[in-house]
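Note on naming: letters A, B, ... go to the chains in the order of the sequence lines (proteins, then strands), and numbering restarts at 1 for each one.
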Amino acid sequence: MKPLDRAYFARPTLQVARDLIGVLLVRERGGGRLIGRIVETEAYTGDDPAMHGWKATFGDDGVVRPEGRAADLFVAPATAYVYRIYYTNWLLNVVTEPEGTAGAVLIRALQPVEGIERMRAHRPDSIRRERDLTNGPGKLTQALGIDDATFHGTDLTGPPLYFAEDDMPKPEIAASSRIGLTRGVERPWRFFVPENPFVSPGVPSDVKQARKEAKRRGRS
DNA sequence: TATATGATTGCCT
DNA sequence: GGCAATCATATAG
């Protein structure tokens, strides 16, 4: 299985996010491989109020200052950017664009292809349905054994963690607003496979905000 | 330096 | 559908 190379990730973030749908994510550990097909991604760019540290890094004066953790978004393409949220949930991103330009693609959901029983062993015993193993950004990192300490800043163009294409035809791709955001909601930068049960159950942020607004109006 | 909050999940009713 | 868990980081003061 031939890994996608650095040039693939040096392209514009939105294009990479879309192209990664249908691609395999391969995790090699002693004894075997864990493989999932990517069915959902989100794009984050430097020109994006939803980006980590956007205000401090990109400021109001147009001067870019890569500082703190956000500096890790400017590194070489195909580098892993692992972000921890709400206690022990790790989200896997792959850095895009040429070195010196900020950009990343968040891997949000996988369809298990190989090593399903070992993925299950990494997840809580209460998980019954196969789709619940990897249908969310924090779930798939748990299933594949990906964490901040092991993978943040590592290169994703080869084992133990890399992307690869097989000869399966490209699935249909749809776009929506991203999930779980309060800023940059209007950008349709989430890509997913429609009708695929392994896509995360989250509601796009623009839909969620509209619902909230309707509810608020209803009360008053 | 101090506080607020999130690119979520899992378990509860 | 609600809510707690629980802390690094971003942003306010």
Handout entry: Any A:Arg84 side-chain N or O less than 4.0 Å from OP1/OP2 of C:dA8
Key = yes
Exercise for the section: Rounded to the nearest angstrom, tell me the gap between atom CD1 in A:Ile107 and atom P in B:dT8. Expected result: 14 Å
Practice task
May I have the distance from A:His152 (atom NE2) to C:dA8 (atom C1'), rounded to whole angstrom?
Solution key: 12 Å
Problem - ring centroid sep under 5.5 Å plus plane angle under 30, A:Tyr86 with B:dT8 - result: yes
Exercise for the section: Mind calculating the distance between CG (A:Asp72) and C1' (C:dA8) to the nearest angstrom? Expected result: 14 Å
Practice task
Look at the side-chain N and O atoms of A:Ser126 and state whether any lies under 4.0 Å from the OP1 or OP2 oxygen of B:dC11.
Solution key: yes
Exercise for the section: Figure out the OH/P separation between A:Tyr44 and B:dG6, and round it to whole Å. Expected result: 13 Å
Practice task
Measure across A:Arg120 and A:Leu133 and return the closest heavy-atom pair with its distance rounded to 0.1 Å.
Solution key: CA-CD2, 3.7 Å
Exercise for the section: Determine whether more than 12 heavy atoms belonging to other residues, nucleotides or ligands lie under 6.0 Å from atom CD of A:Glu195. Expected result: no
Practice task
Using a strict 4.0 Å threshold on nitrogen-to-oxygen distance, state whether A:Asp166 and A:Arg37 make a salt bridge.
Solution key: yes
Problem - A:Arg18 side chain to A:Gln15 backbone, donor-acceptor under 3.5 Å - result: no
Completion exercise
Given the options A:Leu20, A:Val94, A:Leu24, A:Leu4 meets side chain to side chain contact (heavy atoms under 4.5 Å, CB included) only with A:Leu20
Practice task
Please collect all side chain to side chain donor-acceptor pair (under 3.5 Å) contacts where either partner lies in residues 75-93 of chain A, sequence neighbours excluded, each pair once.
Solution key: A:His52-A:Tyr81
Problem - Secondary-structure notation, DNA chain B, from Watson-Crick and G-U pairs under 3.5 angstrom (| other strand) - result: ||||||.|||||.
Exercise for the section: Could you tell me whether a side-chain N or O of A:Asp206 sits under 3.5 Å from a main-chain N or O of A:Gln209, the two making a donor and an acceptor? Expected result: no
Exercise for the section: Give a yes or no answer on whether the side chain of A:Ser177 reaches the backbone of A:Val185 with a donor-acceptor pair at less than 3.5 Å. Expected result: yes
Handout entry: Distance in angstrom units between A:Asn135 CG and B:dT9 P, rounded
Key = 8 Å
Handout entry: Nearest-0.5 Å distance, CE of residue A:Met1 to CD of residue A:Glu114
Key = 6.5 Å
Exercise for the section: Using a 4.0 Å heavy-atom cut-off across all strands, classify A:Thr88 as base, sugar-phosphate, or nothing. Expected result: nothing
Problem - Per A:Tyr87 side chain, nearest of listed nucleotides B:dA7, B:dG10, C:dT6 - result: C:dT6
Practice task
For A:Arg211 and C:dG1, give me the distance from atom CZ to atom P, rounded to whole Å.
Solution key: 7 Å
Exercise for the section: Taking A:Arg183 for its side chain and A:Pro49 for its backbone only, find out whether a donor-acceptor pair lies under 3.5 Å. Expected result: yes
Completion exercise
A:Lys208 atom NZ is separated from C:dG1 atom P, nearest whole Å, by 10 Å
Handout entry: Separation of the P atoms in B:dA2 and C:dT6, to the nearest angstrom
Key = 24 Å
Practice task
With heavy atoms under 4.0 Å as the rule, sort A:Arg190 into base, sugar-phosphate or nothing.
Solution key: nothing
Below 3.5 Å between N/O atoms, which protein atoms pair up with nucleotides 9-13 of chain C? Just atom names and distances, please.
residue: C:dA12; atom: OP1; partner: A:Lys55; partner atom: NZ; Å: 3.3

Fill in the blank from the handout: Against the side chain of A:Asn93, the closest entry in B:dT8, B:dA7, B:dT9 is B:dA7
Practice task
Return the value, rounded to whole Å, for the distance between atom CG of A:Leu92 and atom P of B:dT9.
Solution key: 13 Å
